Amino acid sequence: MSDSVDDLVGVDPADLSDEDLLREMGSLHRTRLDTLRHGPDAALATHLRRTAELETEYLARHPGREVDPHRLTQAF
């Protein structure tokens, strides 16, 4: 039985604990620039998809997350 590419990109984000979700997001963010600059197109596509999956799950779990007012930009 052969694994598909989708089976190899990680656990469903909904099945991760908060700690594991944050760890997975941190790992992806640490490897982002290297993947963007040097990864083949398939690796970049997988990276983008996985980042979106994890961040979407994080936002679903924390819709009222604390926003640092110093990070806000002023509207012109």
Side-chain angles (χ1 to χ4, degrees):
M1 179 170 155
S2 118
D3 290 327
S4 73
V5 171
D6 289 336
D7 293 335
L8 302 175
V9 295
V11 176
D12 183 338
D15 294 337
L16 296 170
S17 68
D18 284 348
E19 181 180 330
D20 290 339
L21 181 63
L22 288 172
R23 186 189 71 245
E24 290 291 314
M25 286 192 306
S27 176
L28 281 171
H29 285 272
R30 279 189 303 280
T31 61
R32 176 73 181 136
L33 183 58
D34 189 54
T35 303
L36 176 64
R37 292 186 64 210
H38 306 293
D41 290 345
L44 182 56
T46 298
H47 201 278
L48 289 167
R49 185 178 69 247
R50 184 66 173 165
T51 299
E53 291 170 354
L54 294 169
E55 290 179 351
T56 297
E57 178 64 24
Y58 179 84
L59 292 172
R61 291 184 193 187
H62 304 282
R65 71 192 194 289
E66 183 177 329
V67 176
D68 181 349
H70 296 102
R71 305 265 333 224
L72 300 175
T73 59
Q74 293 182 347
F76 293 93

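This structure is a prediction, so every number in the text was calculated from the model and none was measured. Below, each value reflects all heavy atoms present in this structure, side chains not excepted, and no hydrogens, waters or symmetry copies.
The two residues R50 and L28 make their nearest non-hydrogen contact at CG-CD1, 3.6 Å.
Atom CZ of R61 sits about 5.0 Å away from atom CG of D18, to the nearest 0.5 Å.
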- Take T51 and M25, measure what side chain to side chain contact (heavy atoms under 4.5 Å, CB included) needs, and give me the verdict at the end. CA-CA 7 Å; T51 299; M25 286 192 306; over 6 Å; no
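With sequence neighbours left out, the ring pair (Phe, Tyr, Trp, His ring centres under 6.0 Å) criterion links H62 to Y58. When the side chain to side chain contact (heavy atoms under 4.5 Å, CB included) test is applied to A14, the partners found at least two apart in sequence or on another chain are D12, E57.
Hydrophobic cluster membership for V67: L72 (Ile, Leu, Val, Met, Phe, Trp, Tyr linked by side-chain heavy atoms under 4.5 Å, directly or transitively).
S27 places no side-chain N or O within 3.5 Å of a backbone atom of R23 that could act as its donor or acceptor partner.
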Quiz: residues 32-43 side-chain donor-acceptor pairs under 3.5 angstrom, not counting sequence neighbours:
from: T35; atom 1: OG1; to: T31; atom 2: O; distance (Å): 2.9

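The shortest distance between side-chain heavy atoms of L16 and L54 falls below 4.5 Å.
Side-chain contact of H29 with E24: a donor-acceptor pair under 3.5 Å is absent, judged by distance alone.
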